[in-house]
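A short write-up of the structure that comes next.
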Amino acid sequence: MSETNPATTAEVAAPHRYTAAMAADIEARWQDHWDAEGTYSAPNPTGDLAGDPRIVGRPKKFIMDMFPYPSGAGLHVGHPLGYIATDVHARFQRMNGHNVLHTLGFDAFGLPAEQYAVQTGTHPRVSTEANIENMKVQLRRLGLGHDRRRSFATIDPEYYKWTQWIFLQIFNSWYDTEAGRARPIDELVARFASGERPVPGHTRAWGELTATERADVLGGFRLAYASDAPVNWCPGLGTVLANEEVTADGRSERGNFPVFKAKLRQWNMRITAYADRLLDDLDALDWPEAIKLQQRNWIGRSEGARVDFAVGDERITVFTTRPDTLFGATYMVLAPEHELVEKITPAAWPEGTHDVWTGGHATPVDAVSAYRAQAASKSDVERQAEAKDKTGVFTGAFAVNPANGERVPVFIADYVLMGYGTGAIMAVPAGDQRDFEFARAFELPITCIVEPTDGRGTDTADWESAFASYEAKIINSANDEISLDGLPVAEAKARVTDWLTARGIGEGTVNFRLRDWLFSRQRYWGEPFPIVYDEDGVAHPLPESMLPLELPEVEDYSPRTFDADDADTRPETPLSRNEDWVNVTLDLGDGPRKYRRETNTMPNWAGSCWYELRYLDPHNDRRLVDPEIERYWMGPREGQPHGGVDLYVGGAEHAVLHLLYARFWSKVLHDLGHISSVEPFHKLFNQGMIQAYVYRDSRGIAVPAAEVEERDGAYYHQGEKVSRLLGKMGKSLKNAVTPDEICAEYGADTLRLYEMAMGPLDVSRPWDTRAVVGQFRLLQRLWRNIVDEDSGALTVVDTEPDEATLRALHKAIDGVRQDLDGLRFNTAIAKITELNNHLTKAGGPLPRTVAEPLVLLIAALAPHIAEELWRRLGHEDSVVHQDFPVADPRYVVDESVTCVVQIKGKVKARLEVSPSISDEELEKAALSDEKVVAALDGAGIRKVIVRAPKLVNIVT
RNA sequence: GCGGCGGUGGCGCAAUGGCGACGCAGCAGACUUAGGAUCUGUGGCCCCUGAUCGGGCUUGAGGGUUCGAAUCCCUUCCGCCGCACCA
């Protein structure tokens, strides 16, 4: 693999052949030239990057990749797939008269960098910056046309100054549900102060509240707020995590450690305020349906009703999507952590309490605390694993079903989750499978309130499962005021909701699965919060003048991790070890006072939530981004009502993390008037993965893929037979192929072509190093069609091309243009190959009027060789800014078309005919063709179908 | 379990109702001291033939619509990706 391929080394016989050595020379030369000339600089309408009036008046395209995380392992050939694709598309758009913004930064805060630093004993800043430098070298070798002036890393203080600034904007705002948008918190304070709006939770006026009380009230409104709600605590990582970072089976997405629920004071972002808008605005986005669907599922909007059940003097509010089944609610369930549990649990079991309800405990208090303790010690993994067996315990309390006045027992059970709805349900065992299972386990009554349509009877004693149907009719559901009997589900829902509303014991409501975003982490390597606490514990934002709040240089930056299974542990923030940094005296406008700094750091998503905006105006130290610049590149316009990046390419794994968070921040910044765009990314495209074969020996251990030999369809490593499976590419599987080695063997242009030719961009496919040579041959033939391999002289001539060549050329232009526009790079390359093969076969020197458009056709895909040939063809200007060729429609349609003559659908003959031939003429020509006559052999013709000019089908 | 996407030569794939694109591998030849370079040709399977010519079958499987289906419809199998005690 690493041996030099003689195919690509210089040949004595042809000193000017396109070889790896020549490619390396050409590529290095033009990369230097582009950097020196600023070829890929995209001018802004104003500011320090303004300039080049030739370009600035053009329509714009903002074409972006999901920026990379600079890992220590470096790149393998899978990483740059998306970067090459956006680069080709960006170059194509540039050749179509657009001012194209295309650059790449680095997402460099976060766990892996920290872990790498701990392992290697280097400071994360040192190792991360070294990794970035290494990655920059690897990427530059690929000839990506990035505007380097706009690149940055999220760890640069000049960048995270603005990440912190945005945090403060979010902290200092609240969501005005009437206006449906965020507003500065000062406006809310003014309303409280004037009495226009009552202060929730207090009877005293705003002016009479203490600073702590005011802070608590405002904390209930701020879009960034600290709260004590249960969070996902991951002892194995030593940090808390967002819901989005916990897998379905209750483990950390990174590291795969168990996650426990723990009550900890943590920072949150009130993303739930935006649930509706995050859902609705998806419609106008040009995103893959699969990703939209995932976001919709994650937001999880469901319509239903809230219903109050009385329990003594208390009220339990439940959320249900099936208020129509209210009459069938025969018991209730609270989540174990529900705050009403203590209040309603009596001292003793009611008379005649069923043994299975008590869990064998002497009192309800014992039973409840035992069950709660057991639930808390269980990780979500265990809870999931035991999902089939319904567990729970009776609280000893009864509620009243408001529909039929019946006393129904109240249970706690872990199949009801505190984090969804109100953390309490009315249980309708006849209509819900979970409730049915619980009812059977605890011998609870099951009242049939929906008429079964599947043949079963209405006696639920015979049932083996719940009957959950939206098609059936309601029965057994009437009281003195209302009857749902005979109604279909939808109507019954509406009627019962009206009744509940009129009685003041419920209302129609919309519930979301989405929960607020847990925003603090117990790590060193992240943005510090620009927050300090006074001696009363009240949080104060730092003024903008104190930003950036830089990470302190510390000796010990390692996270405090714990036994992964120990739920009783609690996190410790690395920054808290640094007393000098934590305890400060600051003047926040009321004289110098003592404060303690917040010691949590932001999650690694923070930096990627808004980076597209900073590309626009990367050096602005007075504003996040200049409004005029933002409007030019990102503003709403025809077909893009919410504005946003024109094309955003990246992996599908960010469907609900980065993409949801970034949308949220974008909307807040828009609401507060900082940006004109409402959505960050108008068009999203998910590239597939480059897979690689993994070879394992008999013990299942991966062996180096490069050392495996194939014999008769089997695979061998050092004589031992090994198995082959398709998997990911990576160091641990010993199958990584680096772009560096492919560049060394063939050059960057070949690598770019191969990655684009492998298949459609959105499909995953296996890497095959052997096949790369095919694209190298294309470039060799292209080169040979224009340059003499022996003398190095240009071979193009000034004669006119023949008709067939003109048609081949213009058909290719037409097809390649459409394919590059539609991101179908694989078929674009096939069409260029086809044209080049035609020219090779035709032989003879190439007319200049063919050679030049040929070079322009491939310029976006293989920019170095195109730039070199363009220069050799005598042009001083870079090929980068040439116009993409336009097909002449006269030559796109063939002068003669091959018409297929079928007999009973089988092709029997081909005729060369004019594209404008009439049906009659074509039929006559077909029927008189000698092959057709022979094939018919006198058989009677029943019918002739003519589709001029392409087809005649004769039915006998 | 629910939802989404997809099955085409040895391999990656092209073709959205009408000719199996393009590339790799393979085979044959040319140039060569040599070939893993380069160039030319070939290009799935079966039948017929001494060889041509010719004929038939092929897009996971089965059925349907149509003059004609990889493409549209129904049934079914397999693979990948989401979601999953969400009330």
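Residue numbers begin at 1 in each chain, while the letters A, B, ... track the order of the sequences. Values in this document were obtained by computation on a predicted structure and should not be read as measured data. For the numbers below, each heavy atom of this structure counts, side chains included, while hydrogens, waters and symmetry mates do not.
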- For atom CZ of A:Arg306 and atom P of B:C86, their distance in whole Å: 20 Å

- Query: Could you state the CG-P distance from A:Leu726 to B:C11, rounded to the nearest angstrom?
  - Reply: 13 Å

- Task: Please tell me if the side chains of A:Ile505 and A:Arg315 come closer than 4.5 Å, counting only heavy atoms from C-beta onward.
- Result: yes

- Message: Below the 4.0 Å mark, does B:A14 have OP1 or OP2 next to a side-chain nitrogen or oxygen of A:Asn826?
- Response: yes

- Note on the structure: Assign each of A:Gln294 and A:Thr422 the nucleotide of RNA chain B bearing its closest heavy atom; nearer the 5' end lies the nucleotide of A:Gln294

- Non-hydrogen atoms of A:Arg752 and A:Ala860 that approach each other most closely: NH2-O, 3.1 Å

- Message: Could you measure the distance from the CG atom of A:Leu835 to the NZ atom of A:Lys811? Nearest 0.5 Å is fine.
- Response: 11.0 Å

- Item | Phosphate-side-chain proximity, A:Arg781 and B:C39, N/O vs OP1/OP2 below 4.0 Å | yes

- Item | Short side-chain N/O contact from A:Arg777 to OP1 or OP2 of B:U38, under 4.0 Å | yes

- A:Gln780 side chain near B:U38 phosphate (N/O to OP1/OP2, under 4.0 Å): yes

- Tell me the stems RNA chain B sits in, counting at least three consecutive Watson-Crick or G-U wobble pairs, each under 3.5 Å on both distances. B:1-7 with B:77-83, B:10-12 with B:22-24, B:26-30 with B:38-42, B:44-47 with B:54-57, B:60-64 with B:72-76

- Query: Within less than 4.0 Å of OP1 or OP2 of B:G23, is there a side-chain N or O belonging to A:Asn837?
  - Reply: yes

- Ignoring backbone atoms, establish whether A:Arg784 has a side-chain N or O less than 4.0 Å from OP1 or OP2 of B:C39. yes

